[in-house]
Student: 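Dumping the structure here so I can ask a few things about it.
Computed from a predicted model, the values in this text were never measured in an experiment. Chain naming here is simple, since letters A, B, ... match the order of the sequence lines and numbering starts at 1 in each.
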Amino acid sequence: MSMSRALILLALPVLAGALLSCASNEVASGGEDETAPGMGEAPRRAVLPSYLSPEVTRGRLEGIDFGDTVWEIPELQKEKVKAVALYLKVRAERVIVAGGAEVGSAEYARQLGQQRALAVKAALMKEGIPANQIVTVSYGLDLPGKGGGRVEFGTVPTGEKAF
Amino acid sequence: MAWGDGTGTVVVGMEDFIGGTGETAAQVVREDLNASGVLRMRDGTVASGAGWTLRGSSSAGRIDGALLDGKGAVVFNNHYADPDLRDNAHAFSDDVVTAITGGRGMAGTKLAFVSGRSGAPEIYLADSDGQRVRQVTTDRALKGAPALAPGSILLAFTSWQSGFADVVLKDLRFGTERTVLNAPGTNSGVAFSHDGTRLALSMSYEGNAEIYVSTLTGSRVKRVTEARSVEFSPAWSPDGARIVFCSDAGGAPQLFVVPRKGGDPERLETGYRHNTSPEWSPDGSRIAFTGRQNSGAAVMLYDLAAGKSRVLLPRAEDPTWAPDGRHLAAVQEGALVVVDTVTGSSRTIVSGFAGLSEPAWSR
């Protein structure tokens, strides 16, 4: 109890520093070496089911189509996002948002697919789906299923745990 | 330096190598040195004032190799005793290049690439002459974006083995693997700094893909860019002070340079609408990249001093510099080719590997 309070107190200046840095539109911890004490540690992802694992139902929900290098959800695709949100609310299922892209460079496709998945996650959150019910992944050029320039959905029964 | 025949190459004589594996060793050395672009081999002794001659012997794969100057004086005489003849021949070749030109050879370096040849995308490793291709990953999970640390002992790549895109480091001596970056989102596109102590890569755990610099273990990371767009494919300047990367802030991806410690990115006017896969030349003067127009992809060279780019290799993509700073490897029509940036000539070194992509040359 006292330990966790101490940790929170210790974390506060770090959080405040991070917020200030963002607010002033500066690069986080710019000018300092990443080996400096207290410099950022990348978070570790929790162990989560793979989009390709048997417990994940794929293809039940209609995917979102993106054109070319677009990552903002096209106007004509927004109804699909609402339908996915409705399904998730009714069924109380978790969702894996899997992004892909059909662009020349494999690395661009990975990062663009991730950006699309994050855009869909943000749209689902706007529809009231909690963040801990959504996880994102990108397969770049190798998105399974119809492949390519899409975001697909995989659902997992919620059980007792959210992501 | 002696410019022997007026074509900018130095003619080097080669005496017959004696010993049981002498002929094979001589053949590998001859091919290595002809491929260097700066030397041209011919049989026999070159006894003119500015000439050079190789003398060698080889048995059971070990090589004794000597370089003689035009007066017959021994410049060096080394013993190469690795278990494999090709390693010994490549080491001798690189010593010859360094002794004659003062520059680095590429014969002993490695190339990593991705291929789906085994039925799943796995990472492969080849010698710089395309020989001894071996598969170094086998778990059948999706993989991509390989990078070799200086010295070719550490291999980094992106693996979906966990179900998500994580960065894995593999020690090629012992075969051990370690996941070093598995933040939420996509962790990919690793480039080793030239001193081998840092990684640059894209991560998206703070909201969207940005460029980060990390320690090798992933224990400490620092964000270098901040934008709403997708930032990816970082590559280091040779002195480690700057990073070139791609950003699609303007729609299609463009090249930007940013100080490694963060700051305002500067856009490079390449003249192409869609630019990806940048890599800084070892001498720091040029950036190779893939340019895309309606007509397809081409490997381009951007000259930093002139602020101009030119087509180096048409119908090709994913360039990666050889450590000699003269050659580049790239993927052209499904094959791995090496192109000489001075003469423009190219040769295929690996073909017949399905889905060959993302080659990465060691430093």
Student: Measure the OG-CD distance between B:S219 and A:E41 for me, rounded to the nearest 0.5 Å.
Tutor: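 One finds 7.0 Å between OG of B:S219 and CD of A:E41.
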Student: Give the member of A:D68, A:T69, A:L52 that has the highest number of heavy-atom pairs under 4.5 Å with chain B.
Tutor: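 Highest number of heavy-atom pairs under 4.5 Å: A:T69.
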Student: Indicate yes or no: does B:R228 engage B:E210 in a salt bridge with an N to O separation below 4.0 Å.
Tutor: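 Salt bridge flag = no for B:E210 with B:R228.
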Student: Check whether B:S229 reaches the backbone of B:D248 with its side chain - one donor and one acceptor, N or O, closer than 3.5 Å.
Tutor: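 No; zero donor-acceptor contacts below 3.5 Å.
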Student: Centre-to-centre under 6.0 Å for B:Y205 and B:Y212, is that the case here?
Tutor: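 Between B:Y205 and B:Y212, the centre distance is under 6.0 Å.
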Student: Could you check which of B:A165, B:S162, B:S188 has the highest count of heavy-atom pairs closer than 4.5 Å to chain A?
Tutor: B:S188
Student: Which region of A:Q115, side chain (C-beta onward) or backbone (N, CA, C, O), has a non-hydrogen atom less than 4.5 Å from a non-hydrogen atom of chain B, or is it both or neither?
Tutor: side chain
Student: Counting only heavy atoms closer than 4.5 Å, note whether A:L112 contacts chain B via side chain, backbone, both or neither.
Tutor: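 For A:L112, the contact with chain B is made by backbone and side chain together.
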Student: Hey, which of B:T179, B:N187, B:D318, B:N208 has the most heavy atom pairs under 4.5 Å with chain A?
Tutor: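 Most heavy-atom pairs within the cutoff with chain A belong to B:N208.
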Student: Check for me whether the distance between the ring centres of B:F164 and A:Y51 falls short of 6.0 Å.
Tutor: no
Student: Let me know if B:V180 has heavy atoms under 4.5 Å from chain A in its side chain, its backbone, both or neither.
Tutor: backbone
Student: Could you tell me which of B:V230, B:D166, B:N182 has the largest number of non-hydrogen atom pairs under 4.5 Å with chain A?
Tutor: B:N182
Student: Shorter than 4.5 Å, heavy atoms on both sides: which option in A:S50, A:G104, A:G113, A:S53 has the most such pairs with chain B?
Tutor: A:G104
Student: Which atoms of B:T186 come close to chain A, meaning under 4.5 Å heavy atom to heavy atom: side chain ones, backbone ones, both, or neither?
Tutor: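 Interface part for B:T186: both.
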Student: Output, in order, the C-alpha distance, side-chain angles, deciding distance and verdict of side-chain contact (heavy atoms from CB on, under 4.5 Å) for B:L169 and B:E177.
Tutor: CA-CA 6 Å; B:L169 272 193; B:E177 287 183 5; over 6 Å; no
Student: At a heavy-atom separation under 4.5 Å, does B:A145 approach chain A through its side chain, its backbone, both, or neither?
Tutor: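 Answer is both: backbone and side chain atoms of B:A145 are under 4.5 Å from chain A.
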Student: Quick one: what part of B:T197 sits under 4.5 Å from any heavy atom of chain A, side chain, backbone, both or neither?
Tutor: neither
Student: Hey, are A:D142 and A:R110 close enough for a salt bridge, meaning a charged N less than 4.0 Å from a carboxylate O?
Tutor: no
Student: Based on non-hydrogen pairs under 4.5 Å, which of B:S204, B:G218, B:P121 is most in contact with chain A?
Tutor: B:S204
Student: Are the charged groups of B:K222 and B:E206 less than 4.0 angstrom apart, N to O?
Tutor: no
Student: Determine the option with the most heavy-atom pairs under 4.5 angstrom with chain A, choosing from B:H274, B:R292, B:E231.
Tutor: B:R292
Student: How close do B:L336 and B:P359 get, heavy atom to heavy atom, and via which atoms?
Tutor: CD1-CB, 3.6 Å
Student: Pick from B:S277, B:A252, B:P253, B:A297: which one has the most heavy-atom pairs with chain A under 4.5 Å?
Tutor: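 Max contact count across the listed options: B:P253.
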Student: Relative to chain A, which segment of B:S357 carries a heavy atom at a distance below 4.5 Å: side chain, backbone, both, or neither?
Tutor: neither
Student: Could you tell me whether the side chain of B:L201 reaches within less than 4.5 Å of the side chain of B:F232, counting heavy atoms only?
Tutor: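 Not in contact.
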